[in-house]
Amino acid sequence: MFELTKEQEMLRAMVREFADTELAPKALELDRKGDFPFEIAKKMAALGMLGISTSKELGGSGMGHLAGTIAIEELARVYPSVAFFMEVSTGPLYAITNFGSVEQKKKYAPLILKGEKIMCFAATEPSGGSELANLGTEAVPTGEGYIINGRKVYITGGGIADYCVLLAKTGDRASIFLIEQGTPGFTVGRRQEQIGLKSVDVSELAFNDCKIPKENIIGKEGAGFPIAMTTFTVARPAIGAIGLGIARGAFEIALKYAKERILYGKPIARLQAIQLLLADMDTEIDAARWLVYAPGAALDKGATPRDIVKQSSRAKTVGAEVGFSVTRKAIEILGGNGVSPEYHLGRLLNDAVELIPATGTQQIMKIIQAGEILK
Ligand SMILES: Cc1cc2nc3c(=O)[nH]c(=O)nc-3n(C[C@H](O)[C@H](O)[C@H](O)COP(=O)(O)OP(=O)(O)OC[C@H]3O[C@@H](n4cnc5c(N)ncnc54)[C@H](O)[C@@H]3O)c2cc1C
């Protein structure tokens, strides 16, 4: 097993308690209503959950990437939407804290970490998320700044974010910009309804002659793709962690049920067919845990994002698969109750499905992994 430090174990226990007391009693209602739980996000920020992997100098707790992965896993075990929010708010912040100017770091990091403001990351376009090199959104330099035109889709938090970290074409290359909500020409389009992650806002964004000052560029002009790829590499294991958390949540529900449900005068856990399912689920979860924890652990030991490209894409694929596979088996164990909302498995399955395209499809992850293997 992965040897966790005492600090990481304490963090896990704290987040688990938060999830069991704050999220579990509300999960069904939150999922039905589908609103973003601002109050819960504020409580998470107050407990320092939004800055686990951000350095202490920037206002985070500096506990490292593996600690962040563990916290996300624990939240997803109970209510994956909230884990997804945590991943998505820290993802674009990583672009700023690692590539932004000193002023940008000082200005934006505390606001995000304290939960006072929300940030989204806008890369995907209607023409296809997998082909990011073919960007339609363009930022044209004006001397004083840039004029932006284009459209983005499937942007997590797009409808509720105060700041948008945007990938846009600049000449032959791309650049990353920060655009504040309310900037003339920047509008939020429709919320894109999802089958799962019901509390996560996923929206379209539009930019029509949106003028921004040149200070709003993050990093150098033309460095957009390397910044975006590095940000994705660091963010993808969190998607794997959400899948792992979903699998654990579903496994716990199925195990409890199998011990309590009586058929033929004994608990169904005594039926060998059920035991085989439980054994497979247990194996899948522990195998996935190794792969999901590996990239964060490597970063904490000094690896660069470039060093973990293979581990990161693999963690995302495996986590998304295990979330789906284990939850499906849990549904089988519960029979008819498996698809009843009160047993939570239907929503967990729908949440797991959402992970399949998020931060890049399973096929794109495997293409990246193969590229690293064949290097
Ligand atoms: C819940 C959720 C949240 C999201 N949040 C964000 C966000 O915050 N910001 C953001 O920018 N985007 C976000 N996305 C978008 C996501 O990144 C894209 O959906 C994803 O990159 C895939 O792009 P696409 O949907 O356009 O599919 P396409 O690119 O059209 O892909 C369609 C199919 O073609 C396959 N394919 C594509 N290229 C290849 C290839 N070279 N070889 C083999 N197969 C290939 C894909 O694997 C897929 O099966 C989110 C998506 C979801 C579901």
Side-chain angles (χ1 to χ4, degrees), residues 1-3 53 64-70 72-73 87-88 90-100 121 123-125 127-135 154 165 167-176 218-244 284 286-325 355-375:
M1 287 304 287
F2 254 87
E3 280 283 313
S53 57
H65 293 273
L66 179 55
T69 306
I70 292 165
I72 284 178
E73 175 194 344
E87 185 277 310
V88 167
T90 48
L93 184 61
Y94 181 88
I96 293 176
T97 55
N98 286 273
F99 300 98
F121 190 89
T124 306
E125 303 200 347
S127 57
S130 307
E131 200 188 350
L132 271 188
N134 186 22
L135 282 175
Y154 286 109
V165 173
L167 180 69
K169 189 163 75 171
T170 41
D172 295 341
R173 294 187 179 181
S175 304
I176 302 268
I218 298 170
K220 291 200 177 91
E221 187 178 299
F225 284 125
I227 296 175
M229 292 313 140
T230 305
T231 304
F232 283 137
T233 298
V234 175
R236 280 175 182 141
I239 300 294
I242 297 173
L244 176 61
E284 284 177 62
D286 272 353
R289 185 176 283 121
W290 276 98
L291 295 169
V292 168
Y293 284 6
L299 285 175
D300 291 344
K301 281 189 189 143
T304 65
R306 181 68 200 84
D307 297 332
I308 62 147
V309 168
K310 182 177 87 169
Q311 288 156 303
S312 161
S313 48
R314 196 169 59 182
K316 189 266 160 174
T317 334
V318 166
E321 290 296 343
V322 80
F324 181 78
S325 167
L355 306 180
I356 292 170
T359 68
T361 67
Q362 300 294 81
Q363 289 73 28
I364 294 296
M365 292 307 100
K366 287 179 189 174
I367 288 167
I368 295 172
Q369 185 181 347
E372 292 296 302
I373 294 167
L374 295 167
K375 222 167 41 178

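- With sequence neighbours excluded, the residues satisfying side chain to side chain contact (heavy atoms under 4.5 Å, CB included) with Ala288 are Leu244, Val318, Val322.
- Across Thr317 and Gln362, no two heavy atoms sit closer than the pair O-NE2, 3.0 Å.
- Remark: Ser175 engages Thr170 in a side chain to side chain donor-acceptor pair (under 3.5 Å) (not counting sequence neighbours).
- Shown here is Tyr154, whose OH atom has no more than 12 heavy atoms of other residues, nucleotides or ligands within 6.0 Å.
- Partners of Ala287 according to the side chain to side chain contact (heavy atoms under 4.5 Å, CB included) rule, which considers only residues two or more places apart in sequence or in another chain, do not exist here.
- Residues in residues 365-375 take part in these side-chain hydrogen bond (donor to acceptor under 3.5 Å, both in side chains) pairs, two or more places apart or across chains: Arg306-Glu372, Glu372-Lys375.
- Nearest heavy-atom pair, Asp300 versus Leu66, reported as atom, atom and distance to 0.1 Å: OD2-N, 3.0 Å.
- Shown here are the salt bridge (Lys or Arg N to Asp or Glu O under 4.0 Å) partners of Glu87, two or more places apart in sequence or in another chain: there are none.
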Side-chain donor-acceptor contacts of residues 225-233 below 3.5 Å, not counting sequence neighbours, with atom names and distances?
from   : atom 1 : to     : atom 2 : distance (Å)
Thr230 : OG1    : Pro226 : O      : 2.7
Thr231 : OG1    : Ile227 : O      : 2.8
Thr233 : OG1    : Met229 : O      : 2.8

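- By the side chain to side chain donor-acceptor pair (under 3.5 Å) test, Gln363 pairs with no residue at all, sequence neighbours left out.
- Residues Pro305 and Leu299 come closest through the heavy atom pair N-CD2, 3.9 Å.
- Among residues two or more places apart in sequence or in another chain, the side chain to side chain donor-acceptor pair (under 3.5 Å) test is passed with Tyr94 by none.
- Take Ala241 and apply the side chain to side chain contact (heavy atoms under 4.5 Å, CB included) test, not counting sequence neighbours, and it matches Thr69, Ile72, Glu73, Val292.
- Checked against side chain to side chain donor-acceptor pair (under 3.5 Å), Glu221 has the following partners two or more places apart in sequence or in another chain: Tyr146.
- Under the rule for a salt bridge (Lys or Arg N to Asp or Glu O under 4.0 Å), the partners of Glu125 that lie at least two apart in sequence or sit in another chain are Lys152.
- The side chain to side chain contact (heavy atoms under 4.5 Å, CB included) check on Val88 picks up Phe84, Thr156, with sequence neighbours excluded.
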